[in-house]
Amino acid sequence: MKSTLEFNLRLQEHIELARASKGSEAILYSQKYLSPWQTTELKRINQAMGLLAFKSGTACSPYKELYDPNRWLELIDQFRADNYSLCSLTSHPLLSITLQAGLSALKTPQCYQHENINVNCPICDNKTLGSLAEKLPLSHHVNSTIVCRISGKIMNEDNQPMLLPNGRVYSLGVSIM
Ligand SMILES: [Zn+2]
């Protein structure tokens, strides 16, 4: 894979020795574990040796960045990314990919309009599946259907739309409920 994870971990151990002011231990460590990488990582090995001349509070670049504790977070990210590519996995969870495939068939512009949400539509629940579908394209509907706001059921000849005097339309099923 040509992964640099091992080198980065070795380098981090060297940095931790330097942070603890264990200069001679750091030199021994780098001779044993960093020097095998000389052909590809010579520049960074030289920086690691230069680091021994600076204390961990230094404001001097690039040693300030080497002492940065956030390097551990970068190592975590690299470990994950390398693990994914080693196992031929995507960094995206498979469950959300599968869910998004289904959600993209349901998404309508109304899903994100608060006054038009449908109680039976998973995407209209903007806190859960709706947020997962946020970046998906809208589904293409050839035929429109009228959906009752209260029951969430489709209005058709078996569940007819009823018009109230104020102009709002609900399905017949709601008036029987
Ligand atoms: Zn919806």
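Whatever order the structure lists ligands and atoms in, that order sets their numbers, starting from 1.
Annotation: ring pair (Phe, Tyr, Trp, His ring centres under 6.0 Å) contacts of Tyr33 (sequence neighbours excluded): Tyr29. Shown here are the side chain to side chain contact (heavy atoms under 4.5 Å, CB included) partners of Gln12, two or more places apart in sequence or in another chain: Ile15, Glu16, Arg19, Arg71, Trp72, Leu75.
Between Asn118 and Gln110, the side chains place no donor N or O within less than 3.5 Å of an acceptor N or O (distance only, hydrogens not considered).
Leu163 shares a hydrophobic cluster with Ile146, Met155, Val169; the chain of contacts runs through ILVMFWY side chains whose heavy atoms sit under 4.5 Å apart.
Neighbouring protein atoms of the Zn ion (ligand 1) (N, O or S, distance under 2.8 Å, waters ignored): Cys111 SG, Cys121 SG, Cys124 SG.
Judged by distance alone, with hydrogens and angles left aside, the side-chain atoms of Thr98 form a donor-acceptor pair with the main-chain N or O of Leu94 at under 3.5 Å.
At least one side-chain heavy atom of Leu138 sits under 4.5 Å from a side-chain heavy atom of Pro109.
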